[in-house]
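Every chain is numbered from 1 and lettered A, B, ... according to where its sequence line falls, protein lines coming before strand lines.
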Amino acid sequence: MSIDLVRLNTLQQQYATKIIQHDTDKTLSPRYIAGGDVGFEAQGTIARAAMVIVTWPELKLLEYQVARVPVTLPYIPGYLSFRECPALEAVWHMLTIKPDLLFIDGQGIAHPRGLGVASHFGLFADVPTIGVAKSRLCGQYTKLAPEAGSVVDLCYQGQVIGAVLRSKVRCNPLFVSVGHKISTASALIWTQQCLRGYRLPEPTRWADAVASHRPSFERWLAQQ
DNA sequence: GCGACAG
DNA sequence: ATCTTGTCGC
């Protein structure tokens with residue numbers, strides 16, 4: 001069976017028109033913020049999605065869920081969301097608490113057709129969503145200052161599609177972009193407000209800790 | 001044709 | 001993403 005990339009491409013263009021790139025909630029003051037991350041197991045045949053709920057502004061871990069779903073598509077740059085969304089949708093349904101803001105590991109609109117995983121899933125969840133990727137998919141940006149907090153625009157075809165943020169000194173920058181129902185400015189501000197001394201914002205960092213059984217998560221489990 | 005290419 | 005120990009640097 002071959003993969004119909006032409007059809008997926010068409011779907012992306014269709015979904016991209018539905019992405020809201022402004023603040024739906026002008027005065028967003030979330031009670032709960034979620035973080036989502038996807039990993040793979042069993043030789044890449046199973047997608048494992050982890051999602052956490054943290055409180056704002058404490059950013060304390062409140063809930064976590066993990067879902068395992070059979071993989072249906074290989075990794076193809078530009079089509080990541082079709083590979084990871086099924087697992088993300090599965091964990092989403094398992095959540096007891098629904099967030100007011102969501103962080104997804106990967107690009108939002110900083111994608112060739114404006115539909116990275118964060119935007120694709122944000123459309124499904126219908127919640128303000130921010131995409132935070134650890135590397136670039138597309139777009140150009142100028143040299144970033146070495147200090148933590150330095151930021152530059154991520155541009156693509158004459159448009160600002162996101163921000164490149166050095167969240168921590170001596171670390172590669174983060175690529176922040178609009179997922180859904182939020183503006184580029186707010187996506188950057190909320191990402192900065194969720195930083196607590198590490199390269200990744202807390203929601204994403206916790207999701208990764210849960211998915212990878214990091215010692216920080218094991219310690220949290222022990223004192224529950 | 002050649003290089004780039006989220007996770 | 002994942003396979004994986006130690007190791008260099010702050």
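Dense packing is recorded around CD of A/Gln13, with more than 12 heavy atoms of other residues, nucleotides or ligands lying under 6.0 Å away. Within 6.0 Å of CD in A/Gln43 there are 12 or fewer heavy atoms belonging to other residues, nucleotides or ligands. Counted within 6.0 Å of OH on A/Tyr79, heavy atoms from surrounding residues, nucleotides or ligands total more than 12; the atom is thus considered enclosed.
In this structure, A/Arg68 fails the cation-pi test against A/Phe40, since its NZ or CZ atom is not both closer than 6.0 Å to the six-membered ring centre and inside 45 degrees of the ring normal.
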* State the dot-bracket string of DNA chain B. Criteria: Watson-Crick or G-U wobble, both atom distances under 3.5 angstrom; notation: ( ) intrastrand, [ ] crossing earlier pairs, | interstrand, . unpaired. => .......
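Between the C1' atom of B/dC5 and the CD atom of A/Gln107 lies a distance of 11 Å, rounded to the nearest Å. Here the C1' atom of nucleotide B/dG7 and the CG atom of A/Leu88 are 11 Å apart, to the nearest Å. In this entry the distance linking CG of A/Asn172 with C1' of B/dA6 reads 14 Å, nearest Å. Taking atom CZ of residue A/Arg83 and atom P of nucleotide B/dG7, one finds them 13 Å apart after rounding to whole Å. Following rounding to the nearest Å, A/Tyr141 (OH) and B/dA6 (P) show an atom-to-atom distance of 12 Å. Put simply, CG on A/Leu73 is 15 Å from P on B/dA6, counting in whole angstrom units. Taking atom CG of A/Asp37 as the reference point, atom P of B/dG7 lies 10 Å away to the nearest angstrom. Here the C1' atom of nucleotide B/dA6 and the CZ atom of A/Arg113 are 12 Å apart, to the nearest Å.
Looking only at atom types and distance, the side chain of A/Gln14 has no donor-acceptor partner in the side chain of A/Gln12 under 3.5 Å away. Under the 3.5 Å distance criterion, with hydrogens and angles disregarded, a donor-acceptor pair is assigned to the side chains of A/Glu58 and A/Thr55. Using modelled atom types and a 3.5 Å distance limit, the side chains of A/Thr204 and A/Asp105 yield no donor-acceptor pair.
Where stacking is scored as ring centres under 5.5 Å apart with planes under 30°, A/Tyr75 does not register as stacked on the base of C/dA1.
The residue A/Tyr79 sits close to a base: some heavy atom pair falls under 4.0 Å. A/Gln43 comes within 4.0 angstrom of nothing in the nucleic acid, heavy atoms only. Nucleic acid contact class of A/Gly78 (heavy atoms, under 4.0 Å, all strands): base. Looking at heavy-atom distances under 4.0 Å, A/Val169 makes no contact with the nucleic acid at all.
Less than 6.0 angstrom separates the ring centroid of A/Phe121 from the ring centroid of A/Trp92.
A donor-acceptor contact shorter than 3.5 Å links the side chain of A/Glu63 to the backbone of A/Thr96.
Connection of A/Tyr141 to A/Leu144 is established within a shared hydrophobic cluster, with ILVMFWY side chains joined at heavy-atom distances below 4.5 Å, either directly or through further cluster members.
In this structure, A/Ser135 does not reach the B/dC5 phosphate: none of its side-chain N or O atoms is under 4.0 Å from OP1 or OP2. Residue A/Arg136 places at least one side-chain N or O closer than 4.0 Å to OP1 or OP2 of B/dC5.
Mapped onto DNA chain C by nearest heavy atom, A/Asp208 and A/Arg170 fall at different nucleotides, with A/Asp208 at the one closer to the 5' end.
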Please write out the pairs of protein N or O atoms and N or O atoms of nucleotides 2-6 of chain C separated by less than 3.5 Å, giving the distance to one decimal.
{"residue": "C/dT2", "atom": "OP1", "partner": "A/Phe40", "partner atom": "N", "Å": "3.4"}

